Structure formats: structure tokens, C-alpha cells
Amino acid sequence: MIKFCAVLLFLVTQSLAAPYKPPNSCGYDSCNLGKPDKLNVHIVPHTHDDVGWLKTVDQYYYGSRREICKPGVQYILDSVIAALVDNPDRRFIYVEMAFFWRWWNQQTEDMHNTVKQLVNEGRLEFISGGWSMHDEAATHYNSIIDQHTLGAEFLHDQFGDCARPKIGWQIDPFGHSREVASLFAQMGFDGLFFGRIDFQDRVKRIETRTLEMIWKGSANLDRQSWLFTGVLPTGYGAPPTFCYDMMCSDPPIIDDENVEDYNIPERVAAFLVAANVEAEIYTTNHVIMTMGSDFQNQNAYMNFKNLDKLIHYVNLQQANGSNVNVFYSTPSCYLYALNKAEKEWTTKTDDFFPYASVPFAYWTGYFTSRPALKRYERYANNILQVIRQLDGFSQNNQRNITFVLSEAMGLAQHHDAVSGTEKQHVANDYAQRLSEGIDRSMEVINDAYAKLLPKEGQTTSIPHQFLCSYSNISECLPIEGQKQFTLTLWNPTIHPVTIYPRVPVTQQYLIRDPVGNLISAEYLPIPDTTKNIPGRTSTAQYQHIFQASLPALGYNTYYFEAKTNTKEFEHKKVTTTQNQACILQNQHLRVVFDDQGDLQTIVNLEKNLTVSFTHQGLYWYTSFPGYKELPEIHASGAYVFQPFFSTAVPVSARRSINCTKTDTVQKASIVFNEWASQEISLFNGSLQIELEWTVGPIPVDDNIGKEIIILYDTNIESGSTYYTDANGREVLQRIRDYRPTWHYVVDEPVSGNYYPINSRIWIRDHDRQLTILTDRSEGGGSMRDGSIEIMLHRRILHDDGFGVGEPLNETAYGKGLVVTGKHILLVDRPEDSALLHRVGAQQFFMQPLATYSLPNTSSYTNYSNTYLQSWSALSDAMPLNVHLLTFEQLSPKQYLVRVEHYFELNEDKTYSQAATIDLQMLFKSIGTIGAMNELILTANLPVSELHRLDWMTKDQESSHADMFHQNSLNATIINLNPMQIRTFQITIV
């Protein structure tokens, strides 16, 4: 009976499908472009598979924890492939390579061949192709590029050119970044589609039929950054009443006239209405209908059988005068059809932040949600870039080990990962994966230093290197009580840097620099606010602080040697005051506090600029809890920031201030209460001010959720204008209570003015600019003229009702989670500020990596005779406006290198000019470059072979761009224009 039913199903399905025309090949050549005299409806079957959200990535893949939700991704892929094989007319798209890679590795060779045929015929198409569908607010461009490159490499290796993604498919992220559009264009994409857009923006675009546009993704890269962009008509689900998935309750297509529930006339009529309604809001005779949603198609036969019938019966109506022609398609084929329509399109130059799904629901809370995870992701990326460099310069070719952290980072970019919008056990899983990747990275670090540390002719094994991952709470247990240890600092940038390491110790040490000289180091108490953090087990009461000047793209080793004879120590002068007015001052800056601990002024001494502060410190908003009587107003939660009142209040009525001054550093430690403090430090010779904040455990025993901000109220005459970065690259102007592309009706005066701050925010007037750099992604804005506020931490007792199903109430050690972080404050003239914030943000992002060791050498002399204590991959200076984005060994003789110009046009007289570098300089310690092949950003296609679709704007501008590429395979000298990233596969001879 089962066999008979299966055969019958096959026959019915085949008889209802449209006549099959074998595609010529994959890509645009395989597309059905419909009929020119009809309304062509492109049916796009798909599934949206979160790589973690309510369940972990493993639980989603295998379908475990069914009490949370039932689907399993492995069954979706099994079912979809079988359904595609059954009917050659069917099409399907897939996005998340983290899942597909797992599934692919579990398949037989026969199944591999089957899937390759589907890909080569354009019936299975990979869209976006990243390891995950990344978030666009809390992600850094470095990690976005990496996770897309990871997926692109897998697809290229397994399927070749037919699997190269040509479309961005960001259907679920909660707002969209202009920088992402620019990156997608540089990845060779022809278009981008997404589902979420602010409800006010959507209304305006429907009225004006501008849901599709040309997005100008960069103010610097011109047409290379332009990207056709479309907003999908129904989010990313099926049109109402046409969902045929097993998780839906819409009626199936019943085509037996003898059955009482026969519904072909009604279903066809309803579909024709839906198609024509959609056509009214778009501008061509092509419309797209997504048929799928979260984890749908676990029973793909159920979906496809109904869609086969729907397509068949709708198209039969053409004989009766219907104008609708419906067929299976993909987003790339829909895009190609739009391109062939030869229309002119409106343009957009701003972004799609912030996003409000309905009135009073601004999805701006997730800009800050789970700040510890956001910082850990940034730290893990720092380590990932370092181990790639170390592996490359040591020529160990250990990509199989670095893959562990690369894969964990790819997952962490997901729009329910670094965004902080997942359940707690899922957040724990992301952190655990990053931790395991970091642990494996130590193998790469030790194997690399085994080659880089020993002096020539030395065969002694190197002392084991290890990380002190809890250094942010002044804890490094392995070095406590040791007679000697080393600190090796790897600088991952191509410019020398000066930093001030802080080493927690249980006794005083003599510290020797790489040439054996004793370093003048401070020996200062660790603040009580740090020592009291729950979970800290260190007995260290003091920390050494010293100046370390590191070579470009290399390391220095510092040797610590305990001495018991106090006469050996130079007792340096340390001045301390308590609850008195104090001034921190070095050669460039003066920072003034009153005796109440209030920041009064910051003075740039060289430029004679003064910024006065009326308020500065930690404040909190009351989280709106949500009321049954007001269901239209959502509670504050993981996604939504919904303050009960529009004014933040101080975390305490009073504060204490202790000031400490030494030759190396001057600092003001300000304690607001038992759970909130900040420490402001000014180092000798520094052009920047460091502010370290500690928040938590946030008290909620009053049953009130709290959202903690740091406030900087100044006398800068900024008006309503402020500036925030996009994913760590270009900066966009923001204006309070304003949207550039529609008339914005203000319904939330605070959360509606919050934007993502991935690396920096500033305000300015004619003479002064205050820039604040962040160590992780945060949310913030300017609620008043002259003011900047940044949200640091959130502890909320209610869910916002948007799916995660639990309050954002992070705890650790039985208490609310304590989070620490850092801001860097810069004060300068507007025309001089870019040099400070561009260089500062890049060095803040790519910090030197500290590893420790416990050498078994009896003395410093013994150690210095055995090991190199300083090494650099570079012998010549590199231009200051150039950054080494990627340096990775692909095989024994091949490397992947990305370099970028990280200044924008017209922001600095000197460094906004084009730069020239010789890539051979990077390989002086490795060999001679024999060949260079310039690739697109995802490194899966030579630039010379990229041919993007051309578009025309309503202003008669063509999107056609001639891509920069390397003409000569042996020319190692390249040019870089502002904000340009260039990618090369380099072969060493």
C-alpha cells in the first residue's frame, strides 16, 4: 500500500507540473524569465535556519530538545534534496553554510553527486553563502568578511563556480547597515533582499512604489559599492493563507471535485488577488513570493506537492484571460528578470537603522544586549587574526586547527548570537565554542613561537606559552608566586604601537625589556571594585604597569624576575588623594575633577581647546515591564529598548573619588555605589583618555529592570547632530528625531534615537570634537545638544514578546552578571580628529596579544642567550593609513592577504590620500612573491572575472564600475584608495 501511494504521488505530481525545459547551465542562464505580457510571479521555496536561537546549533541540526521546538535541519535538507530530485521544475535556495557543511560531511558519494547535479543545473542555489546569516548592527566588518569567506571557500571547493553566491539574503536581521551593502557589492553580489524594515518606512515605500532601489553603500567607493536592494513583500514568509508547511494551518490544495472541501476555484482566485495586490506596490511585471520560513520544509514533499498544484491551476487560468504567470524561481532569477526589465530605480544613501516593527517597538536594545558576549566575540576575533599571522610567518600551515576558532566565530556572527537575542543556554553555547576555539589556538601559538623564539642554532624547546584570559579582572593564576615568568606581546598591526600592560602579581618584580634594560614600572594596588568581582579567585593585590613599545607585525618579550631584596627596587613616587579635587595632566591633555568626583573639563593643551562637562557618569533607565492593558506597547527585552521614562537617573546620589599619580599613569577612580564605578586614566605622552567602567551585579530586588548608560553631557554646540560608525568602517551622520528618507513621526524619543556603535561615536561644533571609541558593539545616541549616551549593560525582568521567550537577566555565581569595559575619549579639532580616531580605533580593535610563560632558565642571561626577545616581519615602515586585514597561509606556498585603506575621503589632509605599498615587504621573512592573483572580497573569484549586473538610476546614473585589479602577476606594488580593501592570493617561490 505504501509503495502504491508513493507511485501515485509521483504520477500526480508529474502530471500537474509545468513542462520541464532543462536549463542550459547554472546561474542566470538557468533562469525562467517568464512571459513579457504577463504578471510573472517568482515562487521561491526556502527555509530560514537560525544557527542558534531558542536552541543551540547542535540541537537545531539534530532536532533534539523537542520540548522547545521540533524541527531538525538535517531532516530539512534530506527532504528538500529528495523533493528536488523528484521534479526537475522545482527550485530551492539555501543560506546557512554552518548547517549545510555539517550535512554534507555526513553524506555518501552518491548523494554528493546528486547534489552537485542539482547545483550545476540551477535547481539548488546557495544564497549569501556565509557561515550564518550575520547580524548587521553588532558585527564588525572584519568578522563579516571572514564568515562569508569561510562559507564561500567551502562552496567553491565542493561545487565550483556554479555555487558562487550572487545575492545577499538578509531576511531576518533587525535593521540593515549601509556598510553591509558595500561589503556585499565588493563580494561580487548583484543584489540584496531583506524582510524587515521600519513600519513607517514600509508605509512610505509602498505608497511610492520604492520597495526596490539602488543602495549606494559607500560614500568613498562610488559605483563599486552600489547594490540593487529589494524589500520583500511579506517579510520572508508565504503570503497569507498560502503556507503549505507541516507547521502551518492554511488549507492544502484540494483538487478532487468529488470532495466536499474541493477548493481550486477559491484558492486560485485568492492567489490571483494576492499576486495583483503585490504588483500594485512594485514597478515591473515581476513579483517575488517567498514560500518558507523558520525551519520549514522538514517535509518538503508536503510543500512542493501543494505548490506544484497551485502553479498548475493558476496558470490554467491564462486560457481564461488571467494575466498571472507563476513558476518556481530563485532570488537571483527574480533579480535577473528585474535587470532585463531595463527600468530606472530610485537610490538610497543612508541605512535602515533603527528598526521599529510596530509603533513604540524600537529594536535598539540588542545593540547592547549581552555585553560580555559581545566583548568575548571581539576578543576571540583578535586572537583569530593573531594566530593566522603567527601560523603564516612560522609557515606551519595549521589551518585545520585555526578552523575551530574560525567556525566558532562564523556562528557568533549570526543575528541571534552576537546580537544577544538568544536564550541563555544558547548564549552559553556560543561562548563555549569560542572558548574551545581559543584553547585550540594555543597549539598554533606554541608551534609558531617554537620557530620564532629560539635564536639561530638553539635547539632548546620553548617554554609553554599560555593566555591569561581573566586579565580583565586582574587575574592570572599561573604566574602567582613564580620566581620568574615572561610576557610576550604580539602586535598584529603593521605599525609600531605603544601600550601599557597591566600584570597582576603577588609580589614585586624586576622587569627587563628585550635588550635587557630594567624597565621603570609602577606597582599599584588593584582597585577594590575589581577585586570584589564575583568569581575572582586571584590573591593578587597589586599590578605592575609599564610602557611597552612594540615593533610592527612582531613581538617583544619582557622578562619578570622576583627579587626579595627591597633595596633593588627604585621606590617611585606615588601621590594619592581621596575625595579631593584633582587634575590629571600629561604633555597633551588635562582632565579636571571636582571634590565630588564630577568630571569638569578636558583640555587639549596643544590646541588650547576646552570641553566642559555638565554631567558625566553612570545612569539608568527603568525598563518598561509591559502591561496587559497596553498590549500595543511591548516590554523592554532582548530586542527592544523601551524605557518607562524618557529621562535616565543617576545610579547614585553621591560618588567618591580617589586620584593616583605616578610617572607612568595618572588616574581617577570614581565609585558610584557597590555595583557601579569608573576609572579614568591618562598615560604619559598619550593623546587619549582611557575610561574603564564596571557595572554589576545590577540590583533587581525592587522588581524593576534597569538599563545602564554612561553619559557625557558637554558644552559642545552640536545641535541635534551626531555621528556613529557602521560596522567599524565608514561613519554616518545622525540627526535626532529625523530620518533622511521619510517624514518620521516620533513615538519613542529615546530608543528611536539609538543607533549601533560598533567602534565610535562623536559630536562636534566648529572648533571641537569629542570622540568616544568603544571596545565592543554598544547602542547609543545624543538625546540632547552636546550630549552622548552609550548603553553599557541591561538587566531586564520581562520578555519583549518577539520570540526569545525569556527575560534578559544574566547571572553568574548566583548574582547578576558583572561586566567591565573600556572607552577611549579623544578631544581635538574636527579637522584633526580623524587621525586620532582612525588610528586609535584600529589599534583598539587589533590589540597586541599577551602570552605568558614560565621558563626553566635560571636567569635572564640564560634566557636571553637562548631566545630572541624581539622580532618583526617588517623591515620598512608601512603607510599609516594602511591596515593588514588578513594574513593567512592557505598551503605551503600560498597565502591569502587583504590590505585596506582605512581612512575616508576628505577627513584628513594627509591620510585621506591614496596609499602605495609593496606587498613583498610582508614576505621578507618567508620568501619571494612569484605570483599574485587579485580576488574579490570573499576570495572565491578573480577580480578580472567578475561581471556584475548594470543598473540605471532615475538620475540617469549607470551603476557600471570598472573594478580595480592587478594587471601584472609579478607586480607587488599596489595602490589603495580611501576605504578600499584589496584581496590577493599570493604564491611564494
Side-chain angles (χ1 to χ4, degrees), residues 1-22 32 34-35 37-47 76 79-80 82-92 123 233-234 237-280 285-293 296-329:
M1 180 62 182
I2 295 176
K3 183 176 181 180
F4 171 78
C5 291
V7 172
L8 180 61
L9 173 62
F10 177 79
L11 292 174
V12 170
T13 303
Q14 292 299 302
S15 67
L16 293 177
Y20 171 56
K21 295 181 180 179
N32 180 352
K35 299 179 179 181
D37 59 340
K38 300 293 183 185
L39 172 59
N40 296 289
V41 181
H42 295 248
I43 297 292
V44 178
H46 76 106
T47 180
I76 294 172
S79 180
V80 164
L84 290 177
V85 170
D86 245 18
N87 181 347
D89 287 341
R90 296 170 177 167
R91 299 287 184 271
F92 198 83
R123 295 155 61 190
T234 56
T241 77
F242 289 99
C243 180
Y244 300 117
D245 192 80
M246 61 188 294
M247 294 190 288
C248 297
S249 56
D250 293 345
I253 301 296
I254 304 173
D255 55 352
D256 185 343
E257 296 184 21
N258 297 315
V259 174
E260 182 179 353
D261 291 336
Y262 172 73
N263 63 1
I264 292 299
E266 184 274 329
R267 289 286 78 203
V268 169
F271 186 86
L272 293 175
V273 169
N276 281 286
V277 167
E278 191 172 316
E280 289 296 315
N285 65 327
H286 293 269
V287 295
I288 185 172
M289 287 188 179
T290 50
M291 293 292 179
S293 192
Q296 291 194 359
N297 281 287
Q298 192 164 228
N299 182 353
Y301 280 104
M302 185 174 178
N303 260 329
F304 277 116
K305 182 174 183 179
N306 283 281
L307 289 174
D308 288 347
K309 291 181 178 182
L310 182 66
I311 291 170
H312 172 73
Y313 288 114
V314 169
N315 286 340
L316 284 180
Q317 291 303 306
Q318 292 178 27
N320 299 324
S322 168
N323 71 325
V324 173
N325 179 45
V326 58
F327 48 90
Y328 287 116
S329 188

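Not measured: the values here are computed from a predicted model.
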Given the rule in the salt bridge (Lys or Arg N to Asp or Glu O under 4.0 Å) test, do Asp308 and Arg90 qualify, once you have shown the distances and angles that lead to the verdict?
CA-CA 8 Å; Asp308 288 347; Arg90 296 170 177 167; 2.5 Å; yes

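- Residues satisfying the ring pair (Phe, Tyr, Trp, His ring centres under 6.0 Å) criterion with Tyr328, sequence neighbours excluded, are Phe304.
- Not a single side chain to side chain donor-acceptor pair (under 3.5 Å) links Asn263 to another residue, sequence neighbours left out.
- By the side-chain contact (heavy atoms from CB on, under 4.5 Å) test, Asp256 pairs with Asn258, Val259, sequence neighbours left out.
- With sequence neighbours excluded, the residues forming a side chain to side chain donor-acceptor pair (under 3.5 Å) with Thr241 are Arg267, listed by chain and number.
- Under the side-chain contact (heavy atoms from CB on, under 4.5 Å) criterion, Val44 pairs with Ile93, Ile288, Pro331, not counting sequence neighbours.
- Listed by chain and number, the residues in a ring pair (Phe, Tyr, Trp, His ring centres under 6.0 Å) with Phe271 are Phe242 (sequence neighbours excluded).
- The side-chain contact (heavy atoms from CB on, under 4.5 Å) search around Cys243 returns Ala238, Asp245, Cys248, Asp250, Gln296, not counting sequence neighbours.
- Side chains of Asp255 and Tyr313 form a contact here, defined as non-hydrogen atoms less than 4.5 Å apart.
- Thr47 places no side-chain N or O within 3.5 Å of a backbone atom of Asn297 that could act as its donor or acceptor partner.
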Side chains of residues 317-325: which donor-acceptor pairs under 3.5 Å do they make with residues two or more places apart or in other chains?
| residue | atom | partner | partner atom | Å |
| --- | --- | --- | --- | --- |
| Gln317 | OE1 | Asn320 | ND2 | 3.2 |
| Gln318 | OE1 | Lys35 | NZ | 2.8 |
| Gln318 | NE2 | Asn315 | OD1 | 3.3 |
| Gln318 | NE2 | Val324 | O | 3.1 |
| Gln318 | NE2 | Asn325 | OD1 | 3.1 |
| Ser322 | OG | Val324 | N | 3.1 |
| Asn323 | ND2 | Asn276 | OD1 | 3.4 |
| Asn325 | ND2 | Asn40 | OD1 | 3.0 |

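- The side chain to side chain donor-acceptor pair (under 3.5 Å) check on Glu266 picks up nothing, with sequence neighbours excluded.
- Every side chain to side chain donor-acceptor pair (under 3.5 Å) that Ser329 has, sequence neighbours left out, goes to His42.
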